[in-house]
Amino acid sequence: MAADPQAVGRTWLVTGGSGQVGSALRELAPAASVQIYAPDRSELDLAQPGDVDELLRRTNAELIVNCGAYTAVDTAEGEEDLARRINADAPGVLAQAAASAGIRMVHISTDYVFDGELTGRAYREEDDVGPIGAYGRTKLAGEQAVLASACRSVILRTAWVVSPFGKNFVKTMLRLAEERNELRVVADQFGNPTSAHDIARAILTVGRRLVGEPDSPTGIYHFTNAGSTSWHGLARHIVARATRDTGRTVAVEPIATSQYPTPAKRPANSRLDTGKFVREFGFAPAPWEDAVDVIVDRLTAD
């Protein structure tokens, strides 16, 4: 997973390197001439980070990219202390270490910092936060810890992450579509499906500016793929793309959130406005449909 920390040149230290975004970043980094060092849990456990300063010295890192997180939204309701150590305390430790070393940081956050009650438009960076579950509360605390440090940083809030890696909605829908003739999917929660590879491209864009420009933009930004849909709309798109050549019929029926109860409450409106990111970083995200098609095609070709 990890590049040689003693290799010539400076390195980006990436937490969560085996997760969706970390895996995509490691895949894209070589073509961008970026060297990644992604320590495994034995070297850097976000539940108890240890001596990050020594790790930064040893890897000669010029940037920390914190993709690591406790992302089990429902389980977090009963493990909020653990989620807080990983999602809130660890980002603070990383940011303080970055500040001490005089380097920059990119931190990945989430749409779940909002309560989902905003109507009529997507959330902007300046809108009031108000998480409604343990996962969102701990991720918001992580943002606050990074901002409270003296580290020059960019916090990227994203949403509905999908990829060819790990566990995610696309892979679940593809599996269920092979097993069943009908899927029932929530249709009253709305958000922006977002490719982990496009998040990785955003990180590369942001990271290179943070490293190369003393006055590069900092603060909180929203980044998702363009456009929005419901979980039901996303499921229909996935199934249609996967079955377009097979002729197999799989019905995707809409249901209400109340018909699919979960331990954690989800925001009804998870849509994020990416206008500020596009204006300040000059990188416009692809439509979510195109991003999802790439993932489905890759998974169904395997």
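Everything numeric in this text was worked out from a predicted model, so none of it was measured.
Closest non-hydrogen pair, R271 versus S228, comes out as CD-OG, 3.4 Å. The two residues V211 and E62 make their nearest non-hydrogen contact at CG1-OE1, 3.4 Å. For the pair P263 and E77, the tightest heavy-atom approach, listed with the atom from each and the gap, is O-CG, 3.9 Å. Taking each heavy atom of E43 and L55 in turn, the nearest pair found is OE2-CD1, 3.3 Å. Here the closest heavy-atom approach between residue L56 and residue A101 is recorded as CD1-CB, 4.2 Å. Nearest approach of A286 to D198, heavy atoms of both residues: CB-OD2, 4.1 Å.
Aromatic ring centres of W288 and W160 lie farther apart than the 6.0 Å criterion allows. The aromatic ring centres of Y37 and W12 sit 6.0 Å or more apart. Proximity of the aromatic rings of F281 and F223 is defined here by a centroid distance below 6.0 angstrom, and this criterion is not met. Remark: aromatic rings of H232 and F190 are distant, center separation not under 6.0 Å.
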* Please lay out, stage by stage, how E280 and Y221 fare under the test side-chain contact (heavy atoms from CB on, under 4.5 Å). => CA-CA 10 Å; E280 297 196 18; Y221 293 86; 2.5 Å; yes

* Stepwise, does the side-chain hydrogen bond (donor to acceptor under 3.5 Å, both in side chains) test hold for S149 with Q96? -> CA-CA 6 Å; S149 75; Q96 291 292 349; 5.2 Å; no

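Within the 4.5 Å cutoff, no side-chain heavy atoms of V65 are placed close to those of L13. The closest side-chain heavy-atom distance from Y70 to T75 is below 4.5 Å. V292 is listed as a side-chain neighbour of H237, based on a closest heavy-atom distance under 4.5 Å. Y112 places a side-chain heavy atom less than 4.5 Å from the side chain of P267. For the pair L183 and R180, the minimum side-chain heavy-atom distance is below 4.5 Å. Put simply, the side chain of K167 does not reach to within 4.5 Å of the side chain of T172, judged on heavy atoms.
More than 12 heavy-atom neighbours from other residues, nucleotides or ligands sit within 6.0 angstrom of CZ on R241. Annotation: R41, atom CZ; neighbour count of heavy atoms from other residues, nucleotides and ligands within 6.0 Å does not exceed 12.
Salt bridge present: R298 and E27 bring a charged side-chain N and a carboxylate O closer than 4.0 Å. Between R152 and D215 there is no salt bridge, since no side-chain nitrogen of the basic residue lies less than 4.0 Å from a carboxylate oxygen of the acidic one.
Proximity of a side-chain donor or acceptor of N269 to a complementary backbone N or O of R121 within less than 3.5 Å is detected. Side chain of Q20 to backbone of S163: a donor-acceptor contact under 3.5 angstrom is found. With hydrogens and angles ignored, the 3.5 Å screen pairs no side-chain donor or acceptor of T274 with any backbone N or O of F277.
Considering T257, D74, I132 in turn, D74 is the only one that fulfils the side-chain contact (heavy atoms from CB on, under 4.5 Å) rule with R266. Between R175 and the choices E179, E178, K171, M173, the side-chain contact (heavy atoms from CB on, under 4.5 Å) rule is met once, by E179. Exactly one of R85, K139, R137 qualifies for a salt bridge (Lys or Arg N to Asp or Glu O under 4.0 Å) with E80. That residue is R137.
Under 3.5 Å, the side chains of N66 and H107 contain a donor-acceptor pair of N or O atoms. The closest side-chain donor-acceptor pair between S42 and D40 falls under 3.5 angstrom.
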